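The next block holds one structure in the form of structure tokens; read it before the comments.
In this text the structure is predicted, and so the values were computed from the model without any measurement. All ligand and atom numbering here is 1-based and tracks the order in the structure.
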Amino acid sequence: MSHDTIAIVDNGGQFTHLISTKVRNALKVKTVIVSPSSDVSELQGVKGIILSGGPDSIHEEGSVRINPGIMDLDVPILGLCYGLHQLAIHYGGDVEGSSFKEYGFAKLRLEEDPIFKGVPQDDRVWMSHGDKVLGVPDGFVRIGVTENCPVAAMSDAKRRRWGFQFHPEVSDTIHGSEMLENFVIGICGARQGWTVESNIDEIVERIRKEAGGRKVLALLSGGVDSTVVAALLNKALPPGQTRFIHIDTGLMRKDESSSVAEALGGIGRIDLEVVDASHMFLSSLEGVQDPEEKRVIIGRLFVEIVNDIASDTKEDDWVLAQGTLYPDTIESGGTENAAVIKTHHNRVDVIMEMIQKGQVIEPVKDLYKAEVREVGEQLGLPWDLVHRQPFPGPGLGIRALCQDSWLIHTTMEGIQEIQGRVETGIREDEWASGKVKGLVLPVRSVGVKGDARSYEHPVALWADEKVDWPAIKLFSTRLVNRTAGINRCVLMVGLKDVSTPAPVERFITEERMDLLRECDHVVMEGLKEHELYDSVWQCPTVLVPVSFSDGEMVVVRPVWSQRAMTAEVSELPDEFYEDIIPRLLALPGIDSVAVDVTSKPPGTIEWE
Ligand code: XMP
């Protein structure tokens, strides 16, 4: 059975994904996220359209424009925030650009309308906007008003168009879920029934169609996504049509490659070919410091190896299967209005060319991690495999920051100025003043600020008293948000005194990967021993080339997340740190231990 679908037009807003997951998970209706410039053919057959919010002001030059053909489709459309402004402009209404911005709660007085069925007349809604609609277009009526918005909601029952200035998708809008349900189910008439189980049948069908008679090569890292893809391929295709390959990149965790085959025993019918390409990866990364360059090199090498393996098969006779997830596409700038934060290894140019040629199948590309895990459970994969913490495709290659003498030189320029700002920020903070000391680290990491990439400095913090984790987390986000030039904070836990760190030249080498493997092993084992592994969503361990004495720094980054698009720091018990810190400091090459205390945004989960 094919599912009814709601299309969400992504105007670049923060909540596009939230709209999508609300419709999928709460209402059990399938969604697709499309770009505003999409051809109408991409929206063929959808039951309704939701236009998301976005950061632009509609009258500004270069603001996101929607393909008018989408607006003219004969299906119900609901515009939210910027989407409301798009509707108003399209139909000849009046939108005012305003320097007055409204964030937070507002009281909505509403008129009777099918979209407000079951919603009390005075409702609390959540706003985040600058522009507002002053006059409704012909054919529309005003159905909601707040103190600041003369048109907080409008509708045109004949053309089946609705628009809200507020955000029904956030839980702060008390009856937002009812409004979305009224639209999706009541107005669009979408049939519910999109469940993971039914989704599996659809994915299997799609794999068969996309693969046709071609051989399918799948790379298996041992992580959740590629394992679930392998199980789906097994379900969809006869033995002999698939080839499963594990590439040892030299950037894997301790004993990872040797245990992958064993772990995959549970999924049946997997004949794993293991390729040791560690030398190739390590030598290609020699002397490379730029994180994006590393990702591109790693992504290309994967393709080169696959091409080599497939060289006995004609190009038209094989396809590559990969476990790309939804956020990978979005964060790699895969949608028109999203900035490139990181080019995920499965989105590098050579792969994009293969995608264009129809040579790649991505069975779980519309799903979030949590949904992939549900698919894995439904397919009967072992619990441990399905619930492994995520591990990035480029592996430890993006968890060892690199820098050469030129980068060190440019990094040191201007660092004093940033240090001054950090000190002011600490002094002026009510909680931190007198309690916390901070030093800008002479190294740069990747972060995400205001939907854009940042490549800036971390700050090392020392707290005088016993660590107040909730307070330090809040403070570090405050400090980063208010201070230009920094994008994350780490709390020093394995070096008691404030002392000056020196930048050191470091690259990816086998020895350094061995050191990182050991560090990661200590942290992973510690999490398991303290029964914390499942309460942490992901916990990267990162080597940072700054030295306090004779080694470099190791950073532990435990986070909780749901969709990897945002993350908060997991607070782990002191006993865990008391246990792992001496073990980390005992490793030759490590001279300090820190815990990353920044949420995402402004930090990203990984440091590169
Ligand atoms: P960031 O660091 O952007 O990461 O907050 C979000 C999630 O994506 C993972 N990640 C990757 N996964 N290839 C992957 O397969 C990549 O290039 C890549 N980069 C980051 C990261 O581990 C986290 O779960």
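At least one donor-acceptor pair under 3.5 Å links the side chain of Ser283 to the backbone N or O of His279. Judged by distance alone, with hydrogens and angles left aside, the side-chain atoms of Lys473 form a donor-acceptor pair with the main-chain N or O of Val569 at under 3.5 Å.
The distance from ligand 1 to the heavy atoms of Pro394 drops below 4.0 Å at these ligand atoms: 13 (N), 16 (C), 17 (O). The Thr604 neighbourhood of ligand 1 comprises atoms 1 (P), 2 (O), 5 (O), with distances under 4.0 Å to a heavy atom of that residue. With ligand atoms numbered from 1 in the order given, ligand 1 contributes 1 (P), 3 (O), 5 (O), 6 (C) to contacts under 4.0 Å with heavy atoms of Lys600. Contact atoms of ligand 1 toward Arg295: 16 (C), 17 (O), 18 (C), 19 (N) (distance under 4.0 Å to a heavy atom of the residue). Counting atoms of ligand 1 from 1 in the listed order, those under 4.0 Å from a heavy atom of Gly393 are 12 (N), 13 (N), 14 (C), 15 (O).
Using the six-membered ring where Trp is involved, Phe576 and His530 have ring planes that are perpendicular, over 60° apart on the 30 and 60° scheme.
For the pair Asn346 and ligand 1, the shortest N or O to N or O distance does not fall below 3.5 Å. Checked by distance only, ligand 1 and Gln538 come closer than 3.5 Å through their nitrogen or oxygen atoms.
When the options Ala564, Pro540, Pro291 are ranked by their closest heavy atom to atom 7 (C) of ligand 1, first place goes to Ala564.
Using modelled atom types and a 3.5 Å distance limit, the side chains of Ser454 and Glu456 yield a donor-acceptor pair. Side-chain contact check for His387 and Tyr533: no donor-acceptor pair (N or O, by modelled atom type) lies under 3.5 Å.
Here the NE2-CD1 distance, from His457 to Ile418, works out to 4.0 Å after rounding to the nearest 0.5 Å.
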